[in-house]
There are 4 protein chains.
Amino acid sequence: MAKPNIISKGDLIKSAKECLVNNGIDKFTLRAVAEQAGVTQGTIYYHFKTKEQLLLDIVQDTCESSWSEISELSNQYIISQAIESAKSRCSYDSFFHKLFLTLVVSGFNNETIRGKLGEITQSENNALTQSLLTLWSKTPIDGVSVETWGILINAIVDGLALQALVQKDFPVEKTYEELGQLFKGLTQLLNEGDK
Amino acid sequence: MAKPNIISKGDLIKSAKECLVNNGIDKFTLRAVAEQAGVTQGTIYYHFKTKEQLLLDIVQDTCESSWSEISELSNQYIISQAIESAKSRCSYDSFFHKLFLTLVVSGFNNETIRGKLGEITQSENNALTQSLLTLWSKTPIDGVSVETWGILINAIVDGLALQALVQKDFPVEKTYEELGQLFKGLTQLLNEGDK
Amino acid sequence: MAKPNIISKGDLIKSAKECLVNNGIDKFTLRAVAEQAGVTQGTIYYHFKTKEQLLLDIVQDTCESSWSEISELSNQYIISQAIESAKSRCSYDSFFHKLFLTLVVSGFNNETIRGKLGEITQSENNALTQSLLTLWSKTPIDGVSVETWGILINAIVDGLALQALVQKDFPVEKTYEELGQLFKGLTQLLNEGDK
Amino acid sequence: MAKPNIISKGDLIKSAKECLVNNGIDKFTLRAVAEQAGVTQGTIYYHFKTKEQLLLDIVQDTCESSWSEISELSNQYIISQAIESAKSRCSYDSFFHKLFLTLVVSGFNNETIRGKLGEITQSENNALTQSLLTLWSKTPIDGVSVETWGILINAIVDGLALQALVQKDFPVEKTYEELGQLFKGLTQLLNEGDK
DNA sequence: CATGAATGAGACTTCATTCAT
DNA sequence: GATGAATGAAGTCTCATTCAT
């Protein structure tokens, strides 16, 4: 009774991600993943040695997606566009941030996961810093390195997402609007300082 | 064979928190909690109707602790001290943030938990805004309301904690030092603007 | 739905032994043991940490039973009675030897089990040697130490049991009858030699 | 992607035997056999209808090997050489006896296997008896038929092997040395009796 | 108050087996 | 001939939960 459906590893990972986000971490069962993907549990074990390996592959996949976005950012986009993208993922039901935070929490007891998430976060910081450098000749506020600005922006994006995830009526629109103003203000400071 | 040890609900909650943070969410079992507290599983059921209720009580307890800290903040402390306290909890092994994020992730599938965490986050925002108002007569950067500054600071604190949790060598010291400089810088802007 | 039936570890081990012998080693499942004992699988796990531990306890129990028999042998019985007892366990459906051989085969991949079975076998050898020494002043055949006679008798008993287990029509009666004659003959040799 | 390796049934049986002995009966899986043989599971199903059939073929093959040895024994070798060969297979890691006992235990729940093993054992007994008859004109001990001597020798060989399999420091050398003495002694008895 | 024995559902995992290619 | 993808039943084990004592 073997149906060679040829379901790919990628398909399974996608189903697994949905499962993880929709069912929550403690109902993230292989049975649920199998159902979601329309295969049997055995099939999952044909592709992934263990549940942990599946989770690891989810992390890997998530990081790779992030990385490709980051690469585009550093090359083509400027800060304002990065923030625009962050805003679009800042909501009470953000798939992206639910997934990310769930993985972070899983990582608390799995150094491999934790390490990978750490790397990707650091890459984000670096990319943001590079982007800032194309915008600012120097820091707009003395004592705050552009490197740290990169870290802070990333922190703000994650921190706001976190708030939006727990506050149904979080003012995403307003906050991001003013965050934009903040950047304008900072950039203006630089120009004034030049005179 | 009943030992009238008189273990309090609070003791159990404390043990449960430790369990949750140390063992991770998927090894957060009632047996583990019982062992941690030095009682049997039955005892837990004497105090909590279900496991979910225990989790809810953990959230409640955590929120209450937070609330009492917030109250102190609004009344007695100023921003710089709040930040100092945030820095002390920003580390790779932060019990507080591990607990908080674990609860947030649990909340993704439990509106009660999520709601409580949302409330407490909002309270933090408000308290920070109040604190800022005692420091700043108006916003240091046009277009960014003091309310939003409160939100942003809170976001930064959580976002930095998140980074520190996944990056073993995250530069906590340096980042918080420069975050301090940022505040000084902003406050100075206000004073300059006054002239 | 907890019924405090108070089923003892010993009861479970007994059921497990029956299961092992009746169902065979590859159908020796915990479900089968549970059914045999009239409890649920969970109950088994309450008493034994793992399936392997249950098997180990079966071995231990079997060895202890053997040991108590051996002790009686050395103290009260003489060789001929030991052989009588061996004969009674020599059959196509011998519970004892089926169990023993099954454990031996399990031991091929478990040094703990193997070690215990080795110990008990050695004890049997020793006991037999002691028994022989009360019967024979010296060896009836030059060059064969009484120690070795002990080993050989034990080997014969096991070897015959093995044959009986695979040959439906093995002549147990006749063989043991002549084995008795053999001992008589050997003992007689000694007496003749004395003259 | 079919590799016409032309792996023979015999090769698979050999791999399966190794698997059975090395991994033990409960890790005797078709996947393991396939790996051992360097083919995929499907290939095994091309050659054997079921796993049970493979096991049966292992038994068959083992019996045939035994039979050819036995034939040689009856025709060319004398008892002392048979014993020499038995000694060489009497060890803590005897592939032969591990395999044989494993098959015996499997046979407890499979009459086909059991029957075949019974037959081969009986053949061994007969061959030994025939060999003895070329050596002894009559039994060295009254009341013990030469037929029974054949059975007893076979039992000793298996029984000693069993002991060696569970006792790491079983005195194989010494025991077989004295077993040789025993035969010399018995043969001498005959000669003395002739006078 | 608290325990310890028991449960039953469900989790992860393995494995013999099938079948299109 | 042989493979690899898939299945589904069954196995080991965990865990929230119950309840008599």
Side-chain angles (χ1 to χ4, degrees), chain A residues 1-9 26-34 37-54, chain B residues 1-8 26-34 38-54, chain C residues 1-9 26-34 37-54, chain D residues 1-8 26-34 38-54:
Chain A
M1 316 216 174
K3 292 185 216 151
N5 265 340
I6 311 284
I7 195 163
S8 75
K9 240 174 154 152
D26 35 60
K27 275 172 210 147
F28 175 57
T29 68
L30 292 186
R31 170 187 307 210
V33 174
V39 296
T40 57
Q41 292 182 59
T43 302
I44 297 183
Y45 277 90
Y46 183 79
H47 290 281
F48 304 92
K49 224 174 174 232
T50 63
K51 186 187 181 184
E52 192 189 341
Q53 189 57 55
L54 172 56
Chain B
M1 316 211 173
K3 293 183 210 155
N5 256 342
I6 312 223
I7 196 156
S8 74
D26 33 63
K27 276 172 209 144
F28 175 57
T29 66
L30 292 189
R31 174 195 304 210
V33 174
V39 297
T40 56
Q41 295 181 59
T43 304
I44 295 183
Y45 274 87
Y46 183 80
H47 289 281
F48 305 92
K49 218 183 159 193
T50 64
K51 186 187 180 185
E52 196 190 340
Q53 188 57 53
L54 171 56
Chain C
M1 316 220 171
K3 293 185 215 154
N5 265 341
I6 311 283
I7 195 162
S8 75
K9 238 172 155 154
D26 35 60
K27 276 172 208 145
F28 175 56
T29 67
L30 292 186
R31 171 185 309 210
V33 175
V39 297
T40 57
Q41 293 182 56
T43 302
I44 298 183
Y45 277 91
Y46 184 79
H47 290 281
F48 304 92
K49 222 174 176 234
T50 63
K51 185 186 181 184
E52 193 189 342
Q53 189 57 54
L54 172 56
Chain D
M1 316 212 175
K3 293 183 212 155
N5 257 343
I6 311 221
I7 194 157
S8 74
D26 34 60
K27 275 172 210 147
F28 176 57
T29 67
L30 292 189
R31 176 194 302 209
V33 174
V39 297
T40 55
Q41 294 181 59
T43 304
I44 296 183
Y45 274 87
Y46 183 81
H47 290 281
F48 305 93
K49 220 183 157 194
T50 64
K51 186 186 180 184
E52 195 190 341
Q53 187 57 54
L54 171 57

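A note on names: the letters A, B, ... follow the listed sequences, proteins ahead of strands, and every chain is numbered from 1. What's counted below: heavy atoms across the whole structure, side chains too, no hydrogens, waters or symmetry copies.
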Do C:I7 and C:H47 have side chains that approach each other closer than 4.5 Å (heavy atoms only, starting at C-beta)? yes
Please identify each residue that fulfils side-chain contact (heavy atoms from CB on, under 4.5 Å) with A:Y46, with sequence neighbours left out. none
If you assign each of C:S8 and B:Y46 to its closest nucleotide in DNA chain E, which residue comes earlier from the 5' end? B:Y46
What is the distance, rounded to the nearest whole Å, between atom CZ of B:F48 and atom P of E:dC1? 14 Å
Which of these nucleotides, E:dT13, F:dG8, E:dT17, is closest to any side-chain atom of A:T40? F:dG8
Please determine whether side chain to side chain contact (heavy atoms under 4.5 Å, CB included) holds for the pair C:F28 and C:L54, giving the CA-CA distance in whole Å, both sets of side-chain angles, and the decisive distance to 0.1 Å. CA-CA 11 Å; C:F28 175 56; C:L54 172 56; 4.3 Å; yes
Separation of C:Q53 atom CD from F:dT14 atom P, in whole Å? 13 Å
What would the secondary structure line of DNA chain F be in dot-bracket form, counting Watson-Crick and G-U wobble pairs under 3.5 Å, with [ ] for pairs that cross earlier ones and | for pairs with another strand? .||||||||||||||||||||
Would you say F:dA2 has OP1 or OP2 under 4.0 Å from some side-chain N or O of D:H47? yes
When rounded to whole Å, the CD1 to P distance for the pair A:I44 and E:dC12 reads 9 Å
Please list, chain by chain and in numerical order, all residues satisfying side-chain contact (heavy atoms from CB on, under 4.5 Å) with D:Y45, sequence neighbours excluded. D:L30
Compare side-chain N and O positions of A:T43 against OP1 and OP2 of F:dA6 and report whether any pair is under 4.0 Å apart. no
Quick one: D:Y45 OH to E:dA20 P, roughly how many Å, whole number? 17 Å
side-chain contact (heavy atoms from CB on, under 4.5 Å) with D:A34: which residues, sequence neighbours excluded? D:V39, D:Q41, D:I44
Evaluate whether atom CD of D:E52 has more than 12 neighbouring non-hydrogen atoms of other residues, nucleotides or ligands under 6.0 angstrom away. no
The side-chain contact (heavy atoms from CB on, under 4.5 Å) partners of D:T40 (sequence neighbours excluded) come to D:T43
Are any protein N/O atoms closer than 3.5 Å to N/O atoms in nucleotides 9-11 of chain E? If there are, list each pair with its distance.
unit_1	atom_1	unit_2	atom_2	d
E:dA11	OP2	A:R31	NE	3.3

note: A:K49, atom NZ; E:dC12, atom P; distance rounded to Å ~ 17 Å
N/O donor-acceptor pair under 3.5 Å between A:K27 side chain and A:A32 backbone: no
